[in-house]
Amino acid sequence: MRHIAIIGSGPAGYYTAEAAQKQWGDDIRVDIFDALPVPYGLIRTGVAPDHQSIKGVSRRYEKTALTDNVRFVGNVAIGKDITIGELQELYDAVVLATGAPNDRQLGIPGEELGNVFGSAAFVGWYNGHPQFAGLAPDLSGKHAVVIGMGNVALDVARIMAKTAEEFAGSDIVGHALDALTSSGIEQITIMGRRGPHQIMMTPKELGELGHLNTASPRVDKSDLPDETEDAFLEPGIRKSVTHLRSFAAIPEDIHAEKPVEVEFDFYANPVALEGEGNVSSVKVERTEVEKGRAIGTGEFYSVPADVVIACIGYRTSPIPDVPFDERAGRFANDEGRILTGLYCVGWARRGPSGTIGTNRPDGYSLIEKIAEDMDAGLLGRIGKAGREGFDALASTRGIDVVTFQDWKKIEEAETAAARDGAPREKFTDIEAMIRAAN
Ligand SMILES: Cc1cc2nc3c(=O)[nH]c(=O)nc-3n(C[C@H](O)[C@H](O)[C@H](O)COP(=O)(O)OP(=O)(O)OC[C@H]3O[C@@H](n4cnc5c(N)ncnc54)[C@H](O)[C@@H]3O)c2cc1C
């Protein structure tokens, strides 16, 4: 029997477990650890609450989770409750699938002002991540600035623009629903350094902005490159640019019918956040794009901002004794191999890119590498203690492990507490989750 510990129960963790089952069948035992008492990583705490069909992918992971050779070991933070070295004593292979939970910093003056948030924090707040449930952003002002031109920026802008009615059927947490639907926000500026041809937004998500009840997207026609140049774009981006062109053609009387404006500010490089105590404006340098890169023009202007959300990417959290690539913000690795017997996968391996599905081939190819290392004798002889060894250590250390069956009780309680039409009302603190599990 071989034993694998996977740290992180997001998509990368579960696809890797699924691949291990396919590779070794009943000759493998996999423990999937998570620092939270609840599984599924960003499926639960990242993917937008009004995109329930995407969140439905977790049903596929449940199939893997419910087999006898895979266990969920929740409420155990690796690097804190137990070290990597200790896990390596117990398991033949240790796989870090810990994602990239930390916001990349803007690195500009004023970033420390009040009401300035990174997207990990803001998204975690509206999705009920225990670490961010208490964020309490002040949404009473009129102007919101969202920095970034990717899908996370779109999620954040859309969530800020929706009415209570438009959240029907979503699992947005109650505290965020109340704050967002009583907010004073009238203008949401999505700001990015480069132009429409350099956006990282997918067409389906961008198109949604054109169908909101009380908000309409505004694109300045003069920002759009000549239409003939769209032919050179990758097909997905070309479709997204077509949406931008249709937003630019929205007549003023239609804008006037919708009180909230979602404005795209292209060629806009934020150079400072300004204000006293809380942020009140973003100082921006106008740019030009040359060979895909934004170059400052020396022209500056200010955009009013009562709240700022920076959606500019994520970094993995370092773990003691694990080599880290500071520049890339992820574990130092060679196609998933970190050190003998220690691997990484998903966002912890390649950084925050791709879709949920991208993590599947990542998991499968990592299992091939672990199999190669086993066959080459690099992972030592069979006979490590595996899950029994962990259980013994957990009980001497008083670690309160949450099992998959416990999670199902938490899930049941969340479903029972749902408001009308919603799939669940999430617990937002760890104590409450554990109480529900018991
Ligand atoms: C805001 C947002 C919206 C997104 N929306 C979409 C979408 O609509 N469609 C789509 O295809 N993709 C979307 N994605 C991308 C998708 O969520 C990722 O591709 C995917 O979640 C990455 O999987 P992962 O397993 O590497 O990391 P994660 O999903 O982040 O999982 C990592 C897990 O590791 C756990 N962990 C971390 N550190 C430790 C530790 N020390 N000990 C124990 N456990 C630990 C965490 O608690 C977490 O459960 C979105 C991403 C974000 C940020």
Side-chain angles (χ1 to χ4, degrees), residues 5-17 31-58 61 72-84 87 94-104 118-127 129-132 146 148 150-159 200-202 204-205 208 309 311-320 322 330-331 336 344-363 366 399 401-402 407 430:
I6 297 176
I7 321 307
S9 66
Y14 270 106
Y15 287 126
T16 305
D31 279 357
I32 304 184
F33 291 87
D34 208 289
L36 291 179
V38 292
Y40 306 140
L42 287 172
I43 302 293
R44 178 179 166 103
T45 60
V47 170
D50 56 344
H51 284 173
Q52 286 299 311
S53 60
I54 297 174
K55 286 183 187 268
V57 69
S58 58
Y61 309 147
F72 173 67
V73 189
N75 200 33
V76 182
I78 306 309
K80 202 168 124 221
D81 295 324
I82 180 164
T83 66
I84 288 290
L87 283 181
V94 175
V95 177
L96 300 174
T98 49
N102 298 336
D103 280 304
R104 257 190 65 207
S119 55
F122 192 75
V123 170
W125 168 72
Y126 65 63
N127 262 326
H129 191 302
Q131 191 184 344
F132 303 112
V146 178
N151 278 352
V152 175
L154 272 181
D155 277 355
V156 166
R158 187 185 66 256
I159 294 290
M200 306 286 283
M201 297 166 168
T202 46
K204 184 173 165 289
E205 281 69 19
E208 281 180 71
I309 321 290
C311 308
I312 55 162
Y314 302 95
R315 292 170 62 86
T316 293
S317 229
I319 293 181
V322 181
R330 51 177 154 75
F331 296 118
C344 57
V345 70
W347 277 18
R349 179 183 85 76
R350 53 175 216 281
S353 66
T355 62
I356 293 164
T358 315
N359 299 295
R360 187 169 185 271
D362 215 8
L366 184 71
I399 299 175
V401 169
V402 171
W407 146 245
I430 288 179

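Whatever order the structure lists ligands and atoms in, that order sets their numbers, starting from 1.
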Run the numbers for me: atoms of ligand 1, each under 4.0 Å from some heavy atom of [X], listed by number.
{"X": "Gly10", "answer": "25 (O), 29 (O), 31 (O)"}
{"X": "Asp155", "answer": "3 (C)"}
{"X": "Gly346", "answer": "26 (O)"}
{"X": "Ala77", "answer": "42 (N)"}
{"X": "Val76", "answer": "42 (N), 43 (C)"}

Indicate yes or no: does an N/O atom of [X] lie under 3.5 Å from an N/O atom of ligand 1?
{"X": "Arg350", "result": "no"}
{"X": "Asn359", "result": "yes"}
{"X": "Val152", "result": "no"}
{"X": "Phe33", "result": "no"}
{"X": "Ile78", "result": "yes"}
{"X": "Trp347", "result": "yes"}
{"X": "Ile356", "result": "yes"}
{"X": "Ala12", "result": "yes"}

Do protein heavy atoms approach atom 26 (O) of ligand 1 to less than 4.0 Å? yes
Heavy-atom protein contact below 4.0 Å for atom 35 (C) of ligand 1: yes
Out of [options], who is nearest to [atom] when you count heavy atoms only?
{"atom": "atom 29 (O) of ligand 1", "options": "Leu42, Ile7, Asn127", "answer": "Leu42"}
{"atom": "atom 43 (C) of ligand 1", "options": "Pro352, Ala35, Cys311", "answer": "Ala35"}
{"atom": "atom 33 (C) of ligand 1", "options": "Gly74, Ala120, Gly8, Ala153", "answer": "Gly8"}
{"atom": "atom 32 (C) of ligand 1", "options": "Gly46, Gly41, Ala97", "answer": "Ala97"}
{"atom": "atom 49 (O) of ligand 1", "options": "Val322, Val345, Asp34, Asp81", "answer": "Asp34"}

How close do [X] and [Y] get, counting heavy atoms only, and between which atoms?
{"X": "Thr16", "Y": "Gly363", "answer": "OG1-CA, 3.4 Å"}
{"X": "Cys311", "Y": "Val156", "answer": "SG-CG2, 4.0 Å"}
{"X": "Gly346", "Y": "Asp362", "answer": "N-OD2, 2.9 Å"}
{"X": "Gly99", "Y": "Thr316", "answer": "O-OG1, 2.9 Å"}

I would like to know whether Asn359 and Arg349 meet side-chain hydrogen bond (donor to acceptor under 3.5 Å, both in side chains); could you show each step before the answer? CA-CA 10 Å; Asn359 299 295; Arg349 179 183 85 76; over 6 Å; no
For the [atom1] atom of [X] and the [atom2] atom of [Y], what is their distance to the nearest 0.5 Å?
{"X": "Thr45", "Y": "Tyr126", "atom1": "OG1", "atom2": "OH", "answer": "10.5 Å"}
{"X": "Ser119", "Y": "Ile312", "atom1": "OG", "atom2": "CD1", "answer": "8.0 Å"}
{"X": "Asp155", "Y": "Met201", "atom1": "CG", "atom2": "CE", "answer": "10.0 Å"}
{"X": "Leu96", "Y": "Ile78", "atom1": "CG", "atom2": "CD1", "answer": "9.0 Å"}
{"X": "Ile6", "Y": "Phe33", "atom1": "CD1", "atom2": "CZ", "answer": "10.5 Å"}
{"X": "Arg158", "Y": "Asn151", "atom1": "CZ", "atom2": "CG", "answer": "9.0 Å"}

Can you tell me which portion of Thr355 lies within the under-4.0 Å heavy-atom range of ligand 1? Options are side chain, backbone, both, or neither. both
With heavy atoms and a 4.0 Å threshold, my read on which part of Asn151 contacts ligand 1 is neither
For a ring pair (Phe, Tyr, Trp, His ring centres under 6.0 Å) check, start with the C-alpha distance between Tyr61 and Tyr15, then their side-chain angles and the critical distance, and finish with the verdict. CA-CA 8 Å; Tyr61 309 147; Tyr15 287 126; 5.1 Å; yes
Looking at ligand 1, does [X] have a heavy atom less than 4.0 Å from it?
{"X": "Tyr314", "result": "yes"}
{"X": "Pro11", "result": "yes"}
{"X": "Gly79", "result": "no"}

Would you check if the side chain of Asp34 reaches a backbone N or O of Ser9 as a donor-acceptor pair within less than 3.5 Å? yes
From CA spacing to verdict: side-chain hydrogen bond (donor to acceptor under 3.5 Å, both in side chains), Asn102, Ser317: CA-CA 7 Å; Asn102 298 336; Ser317 229; 3.3 Å; yes
